[in-house]
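Here the structure is laid out as structure tokens; the discussion comes afterwards.
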There are 2 protein chains.
Amino acid sequence: MTLKDLAEMLGLSPTTVSRALNGFPEVAETTRRRVEAAALAHGYRPNSQARRLATGRAMAIGHVIPLSRQNEMLNPIFGDFIAGASAVYATAGYDMVLITVADADQSRAYRALRAQGNVDGVIVQGPRAQDSRIALLSDLGLPFVVHGRASGVDLPYAHVDVNSARAFERATRFLIDLGHRRIALVNGLEEMDFALRRRRGFERALGERGLAPDPHLMLSGEMTEAQGHAAAHRLLARHDPPTAFLTSSLLSAMGVRRALWDLGLKMGRDVSILTHDDELGYFRNGAEEPIFTATRASVRAAGRRCAEILLAQIAEPGAPPVTELMEAVLVVGASTGPAPGARP
Amino acid sequence: MTLKDLAEMLGLSPTTVSRALNGFPEVAETTRRRVEAAALAHGYRPNSQARRLATGRAMAIGHVIPLSRQNEMLNPIFGDFIAGASAVYATAGYDMVLITVADADQSRAYRALRAQGNVDGVIVQGPRAQDSRIALLSDLGLPFVVHGRASGVDLPYAHVDVNSARAFERATRFLIDLGHRRIALVNGLEEMDFALRRRRGFERALGERGLAPDPHLMLSGEMTEAQGHAAAHRLLARHDPPTAFLTSSLLSAMGVRRALWDLGLKMGRDVSILTHDDELGYFRNGAEEPIFTATRASVRAAGRRCAEILLAQIAEPGAPPVTELMEAVLVVGASTGPAPGARP
DNA sequence: TTGAAAGCGCTAACAT
DNA sequence: ATGTTAGCGCTTTCAA
């Protein structure tokens with residue numbers, strides 16, 4: 001059932017049928033109703049390929065996942081981010097295209113996307129401190145929105161980020177106020193922009209209270225359970241072990257927690273663990289109560305906003321890039337207690 | 001840079017250029033080389049929309065995620081499955097389209113997919129015991145492959161599944177052999193086909209040893225950490241608590257583990273936990289050592305096989321549906337010990 | 001071995 | 001308010 005077929009059945013021209021179905025104002029109401037009824041009755045659906053070709057719009061958004069960072073797909077936030085974005089696409093009639101790309105091919109892949117025209121824009125995930133993708137995409141004129149930021153990039157570009165620095169600054173200050181002096185930072189890979197920002201916030205809070213950051217207490221690595229576990233073991237084996245852990249993700253927090261169990265240490269009495277809510281904190285940290293809802297909602301919101309901003313940008317290419325900074329919700333759990341030996 | 005442009009530059013017809021680039025045999029080798037060189041030099045990329053319209057193939061595969069089961073997106077297996085499938089699509093030049101659909105709209109959504117023609121086939125995720133999608137898709141003639149099976153469906157259809165029943169049968173037998181008599185089953189929602197099969201395997205092993213399954217020890221629910229935790233607490237509070245847990249997912253296993261900690265019970269001495277490797281078992285169960293690699297590989301393999309089978313089916317629509325049953329790898333960890341009081 | 005012409009199904013400028 | 005016409009960029013008969 002094509003537009004032409006439908007038009008013939010109705011004794012109308014394809015143009016009129018197209019206009020009726022696409023809500024053009026000049027169509028007579030009676031005609032529109034007739035057309036709509038017929039379309040419904042015959043289950044007519046415009047062929048999307050044809051429409052795409054005719055309009056020059058792909059009606060699709062690309063989400064590019066670098067293969068090296070497939071961990072991100074495993075990463076719990078990924079699903080929620082996608083869920084948030086896809087809800088927006090669905091209502092706007094866009095498709096969501098997932099594209100996995102080898103690291104070496106990044107540049108080629110984006111150029112191909114541009115030239116082939118099978119997406120109208122892309123979402124950039126997991127930006128690094130100096131992310132070449134941003135310059136490349138600006139250059140190509142392919143609309144994009146970054147989830148996160150790239151500290152080393154000067155160009156203006158649309159992005160949605162969470163205030164990682166402030167979140168970690170507040171978290172660190174919180175631990176200091178509980179009397180902790182030796183606080184470990186189990187951070188993500190520092191080539192990732194968010195990890196850098198988190199460390200900066202951590203150091204800022206320490207500096208503000210006249211504490212020098214101890215490099216031995218600052219580790220970074222892939223944010224996995226295993227890494228958190230290994231890091232905590234290493235740190236707790238020191239002659240001057242930390243009394244508190246600030247971790248960058250739920251997964252590493254779980255690993256840290258497991259290390260404490262290994263050693264028979266009690267959370268909140270011997271050692272405190274604090275992670276923040278916005279990146280991966282699917283559990284009320286330390287407290288044993290999961291808080292899926294709150295965090296999933298915030299990640300989903302980020303996905304939604306990224307998608308909305310991108311669609312707006314596609315609709316109005318001239319507009320200045322929208323940037324949004326969400327404040328992280330710090331969720332402090334029951335096990336985050338005073339430092340051992342600290343006066344209350 | 002369009003095909004026409006390129007043809008003009010070369011003094012050839014668009015037809016010849018198209019043939020040269022698409023590997024048609026009748027093109028002179030010298031011409032082909034000239035064309036290829038020029039295409040490369042000018043960064044020519046065929047417009048995919050145009051090609052799709054002309055060929056009638058969408059060059060895209062749809063992965064439909066029912067909104068109600070967005071947990072599946074959070075679910076660690078999802079990312080790996082997608083990663084496996086997308087690798088196949090990438091080499092075959094297909095796009096992967098992620099489609100989220102409200103439950104009520106399932107039927108409408110598939111019909112629309114079919115009519116709009118923006119995918120050449122779909123992967124069906126998370127089949128239920130009687131899954132109406134299978135009949136619908138067969139009816140629509142839209143190629144599809146199911147990840148999993150639907151016990152209640154008689155039609156032949158392509159699928160890739162893991163032998164859940166046998167996996168749980170073997171796991172149960174293993175626990176029985178360790179002397180366990182009261183074994184709890186913390187299962188997924190029984191409307192999901194895989195959960196049904198697991199229960200059947202569990203019951204079969206019990207029956208085989210003359211043990212009657214105790215309905216009080218069989219729980220089912222969403223496979224979350226919270227559910228596992230709640231379930232374990234409820235079971236351990238009984239006057240006749242289980243000495244072993246067989247769980248259906250990593251997440252619920254983590255919840256069970258946490259419940260043991262709450263109660264000061266020791267894994268492998270007081271209580272054993274066993275989960276299987278193939279669905280969510282990202283940890284060597286009970287053992288404290290994560291085994292991401294093995295399981296991620298198996299889920300990825302499932303994604304890859306589903307994609308391969310689907311593409312083959314699209315290429316040769318007449319062929320009988322391919323079905324594949326993978327045997328689950330049971331990974332038994334250190335904490336899965338003999339039942340308390342059992343003679344060795 | 002190459003080219004001319006038609007058409008995939010739709011939209012959009014230009015009539016009327 | 002409706003129709004005519006000409007594409008969108010490619011593939012694909014059919015001729016040469």
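Throughout, protein chains are lettered first and strands after them, A, B, ... in sequence-line order, and every chain is numbered starting at 1.
Residues Arg32(B) and Glu29(B) have side chains in contact (heavy-atom distance under 4.5 Å, counting atoms from C-beta outward). Side-chain contact between Arg52(A) and Leu53(B) is absent, with no heavy atoms from C-beta onward closer than 4.5 Å. You'll find the side chain of His159(A) stays beyond 4.5 Å of the side chain of Val153(A), heavy atoms only. By the 4.5 Å heavy-atom criterion applied to side chains, Ser138(A) and Phe144(A) are counted as neighbours.
By the 30° and 60° cut-offs, the orientation of the rings of Tyr94(A) relative to Tyr89(A) is tilted. Classified by interplanar angle (parallel below 30°, tilted 30° to 60°, perpendicular above 60°), the ring pair Phe81(B)/His147(B) is parallel.
Residues Leu310(A) and Gly121(A) come closest through the heavy atom pair CD2-C, 4.0 Å.
For DNA chain D, the residues of residues 47-55 of chain A within the heavy-atom distance limit of 4.0 Å (strictly under) are Leu53(A), Ala54(A), sorted by number.
Residue contacts for Thr2(A): at a heavy-atom cut-off of 4.0 Å it reaches the sugar-phosphate backbone alone, with no base atom in range.
Note: Ile61(A) CD1 to Met96(A) CE = 10.5 Å, rounded to the nearest 0.5 Å. For the atom pair Arg111(A) CZ and Asp105(A) CG, the distance stands at 12.5 Å (nearest 0.5 Å).
Comparing the end axes of the helix from dT1(C)-dA16(D) to dT16(C)-dA1(D), each fitted to five base pairs by superposing C1' atoms of four pairs onto the next four, gives an inter-axis angle of 40° (nearest 10 degrees).
Considering Val146(B), Val322(B), Leu311(B), Val145(B) in turn, Val145(B) is the only one that fulfils the side-chain contact (heavy atoms from CB on, under 4.5 Å) rule with Cys306(B).
Taking every nucleotide of DNA chain D with any atom under 4.0 Å from a non-hydrogen atom of chain A, the first and last of them, 5' to 3', are dA1(D) to dG9(D). In summary, contact between chain B and DNA chain C, defined as any nucleotide atom under 4.0 Å from a heavy atom of the protein, begins and ends at dT1(C) to dG9(C) in the 5' to 3' direction.
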Side-chain donor-acceptor pairs of residues 1-12 of chain B under 3.5 Å, sequence neighbours excluded:
{"unit_1": "Thr2(B)", "atom_1": "OG1", "unit_2": "Lys4(B)", "atom_2": "N", "d": "3.3"}
{"unit_1": "Thr2(B)", "atom_1": "OG1", "unit_2": "Asp5(B)", "atom_2": "N", "d": "3.2"}
{"unit_1": "Thr2(B)", "atom_1": "OG1", "unit_2": "Asp5(B)", "atom_2": "OD2", "d": "3.4"}
{"unit_1": "Asp5(B)", "atom_1": "OD2", "unit_2": "Thr2(B)", "atom_2": "N", "d": "3.0"}

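Nearest-nucleotide positions on DNA chain D for Arg45(B) and Arg19(B) put Arg45(B) closer to the 5' end.
Residue pairs meeting the ring pair (Phe, Tyr, Trp, His ring centres under 6.0 Å) criterion with at least one member in residues 15-46 of chain B: none, sequence neighbours excluded.
Looking at Arg305(B) and Glu308(B), a side-chain N of the basic residue comes within less than 4.0 Å of a carboxylate O on the acidic one, giving a salt bridge.
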